[in-house]
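Before any comments, here is the structure.
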Amino acid sequence: VLRMRMTIGRKLFCYDALVWIVTGAVALAGYWGVSRVGHALDAMTTASRALRVHVELDMLHDALRGDVYRILVADTPEERQLSMADLDEHARDFREHLNRLRTMPMPAELQQEVHAVEPGLNDFARAAESIAVTAATGQGLSGTRREDFEHAYDVMQDQIQRLSNRIGTSADGTQDSAATIAAVAGRSIQITWLLTALCLAVGGILITRSVARPIAAIRAAIRDIASGEGDLTRRLTVASRDEIGDLARAFNQFMDRLHDIIGQVAQTSATVASASQQLSAASSQLSRGAHQQAASLQQTAASLEEMT
């Protein structure tokens, strides 16, 4: 089985890669949170605009009704003409606001509600303009036609109120959803930051332990040897395949070689000591032999003197 040699450089590279990965995770979490909050804010803005346009549309709806009655009760042609100009402006704004409300990006159910109300609102605006034109020409307005106009106004008022309630409910829901999204995004970013800090701390501790502990063991062993009473049988445990492991193996090889050299020196010293003892014994023996020879010569000399 092939095993990758995890050198210190590779460990630091892996730790650096981990830093980049968790940094990217934090960036993605932040981007996701900002995007979600941004979409929620866009939805809130759209709902607020729709609600404002609808309120203005309701006000124009009331303004058209008021213009019609001002035209009907006008005493002079100038007052009637001024009321007609107001009605034309309000009718134009009414249709513009209705078109803006119809084209706004809203939920499908609100779009359907707006489309359902739109024909009736247009009919009401046309009816107001028709009554105003009739009154402006000096023709009388029948009671039935006035009652129909009032009935159309009441119906449109009810529909506009229901639509207002729906838009208000949608705006409130959008606001609540935006608040929820913001809270979830904030918690997600916080959790991501905590996980990032945890990963970096664990990675840093593992890298430090994988480098500092073996170096401390080698330092202690070298100090033990340098103290003069070191144990030459001591060996380091090789637990890694990095530069620290290579250093531990080299130290063990050095200790093996040193142990062999010191063993050889001890053996040679013992041999030298034994040879010295043998030389000393031989010297002693030679000395005794020399003394014996000297004594024998003295006796021989003495015997010769006696003979002469």
Side-chain angles (χ1 to χ4, degrees), residues 1-38 179-280:
V1 180
L2 296 177
R3 296 177 58 188
M4 180 179 292
R5 188 171 182 267
M6 290 300 296
T7 62
I8 295 177
R10 288 178 178 173
K11 290 179 180 178
L12 293 177
F13 176 79
C14 292
Y15 183 74
D16 186 62
L18 176 63
V19 171
W20 280 104
I21 289 173
V22 297
T23 302
V26 172
L28 289 176
Y31 176 77
W32 174 82
V34 171
S35 298
R36 292 292 302 275
V37 173
T180 302
I181 290 173
V184 171
R187 285 194 298 268
S188 299
I189 294 175
Q190 291 176 355
I191 292 173
T192 304
W193 272 110
L194 291 176
L195 292 177
T196 298
L198 180 62
C199 290
L200 293 179
V202 171
I205 291 174
L206 292 178
I207 292 293
T208 303
R209 291 180 61 183
S210 65
V211 174
R213 280 191 174 183
I215 292 178
I218 294 174
R219 181 184 60 187
I222 294 175
R223 283 183 176 178
D224 186 30
I225 295 173
S227 65
E229 298 179 357
D231 183 8
L232 297 180
T233 62
R234 180 176 180 178
R235 299 294 182 270
L236 296 176
T237 301
V238 181
S240 62
R241 297 170 57 85
D242 55 6
E243 291 85 351
I244 303 298
D246 294 340
L247 182 60
R249 280 188 288 270
F251 177 82
N252 291 337
Q253 292 175 358
F254 168 75
M255 292 300 296
D256 291 338
R257 183 60 178 166
L258 183 62
H259 184 271
D260 293 340
I261 291 173
I262 293 178
Q264 293 176 1
V265 170
Q267 185 178 0
T268 303
S269 298
T271 303
V272 170
S274 177
S276 297
Q277 291 178 357
Q278 292 177 0
L279 289 173
S280 177

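Residue numbers count from 1 along this sequence.
The distance from the CZ atom of R249 to the CG atom of N252 is 9.5 Å, given to the nearest 0.5 Å. Separating the CE atom in M255 from the CD1 atom in I262 is a distance of 7.5 Å, to the nearest 0.5 Å.
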Between side-chain atoms of residues 264-273 and protein atoms elsewhere (two or more places apart, or another chain), which donor-acceptor pairs fall under 3.5 Å?
from, atom 1, to, atom 2, distance (Å)
T268, OG1, Q264, O, 2.8
S269, OG, V265, O, 2.8
T271, OG1, Q267, O, 3.0

